Amino acid sequence: MPEKFPTIIINFKAYKEGYGHRAHSIAQAALNVSMESGVLIGIAPGYMDIHPMSNHYNLPVYAQHIDAINPGAHTGHILAGAVREAGATGTLINHSERRLTLADISGSVKAAKEANLQTIVCTNDILTSAAAASFSPDFIAIEPPELIGSGISVATADPEIIENSVTAVKEKNSSIRVLAGAGISTGECVKRAIELGADGVLLASGVVKADDPEKVLRSLVSKI
Ligand SMILES: O=C[C@H](O)COP(=O)(O)O
């Protein structure tokens, strides 16, 4: 049976290299490397690219955010059901660059589950990881904000935050997968994160801003 949950998720954020033709090149590179290696790679493009990416590439596609709303009179909001209908497999919730209140995290997880979307709740520390586990998302992604986009890997700069988040989350609910993120860019970082107990990684700049994303993706899967 094919894997359902990716080990590597690439967030395209709002980088200038993360939309249009370049987004397609990254997605194609992710598909090539995923097929070669057997490691499932997910992508989180901008909203406008969810539908084309889902249509063109046999990869799990994630929204970068959804709103905690039901269908109705809302303007400028992102509806879980619409994201699902556009072809998304799941969604990030509470990314460090799109923080939510506790009530909104709860509402967004509920809305995503009702729409049959996988849920990835992002957290910034161990306590928040433990709290987020109460919502029973599919994934918790622990990312120290100060290391995001820094090029300094969380797996070497702050291994305790990975280990302790894994313990805190799995104590509450062992079926929740834990991703580590921030500054991940090599196979060695991925290997280290997995050795620390993570089920996978969430990353952005290391792939999206790379001169050769496919080369970086090959490195990322090389030690799994
Ligand atoms: O969603 C991805 C994370 O914020 C990590 O970003 P980064 O890989 O650029 O450090």
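The structure presented is a predicted model; accordingly, all values stated were derived computationally and were not measured. Counting starts at 1 for both ligands and their atoms, in listed order.
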> Got a sec, which pairs hit salt bridge (Lys or Arg N to Asp or Glu O under 4.0 Å) with one end in residues 151-173, sequence neighbours left out?
Replying inline: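 Qualifying pairs, neighbours excluded: K170-D199.
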>> I'd like to check the side chain to side chain donor-acceptor pair (under 3.5 Å) partners of N116; sequence neighbours left out, ordered by chain and number.
In response: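 With sequence neighbours excluded, N116 shows a side chain to side chain donor-acceptor pair (under 3.5 Å) to no residue whatsoever.
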> Considering residues at least two apart in sequence or located in another chain, which fulfil the ring-ring contact (aromatic ring centres under 6.0 Å, His included) criterion with H24?
Replying inline: H56, Y57
>> On a heavy-atom basis, which atom in A198 and which in I162 lie closest, and how many Å separate them?
In response: CB-CG2, 4.1 Å
> Within the side chain of T7, is there an N or O that forms a donor-acceptor pair under 3.5 Å with the backbone of L40?
Replying inline: no
>> Taking N11's backbone N and O only, do any of them form a donor-acceptor pair with Q64's side chain (distance below 3.5 Å, no angle check)?
In response: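 Absent.
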> Got the residues with a heavy atom under 4.0 Å of ligand 1, by chain and number?
Replying inline: N11, K13, H95, E143, I148, G149, A182, G183, L202, L203, A204, S205
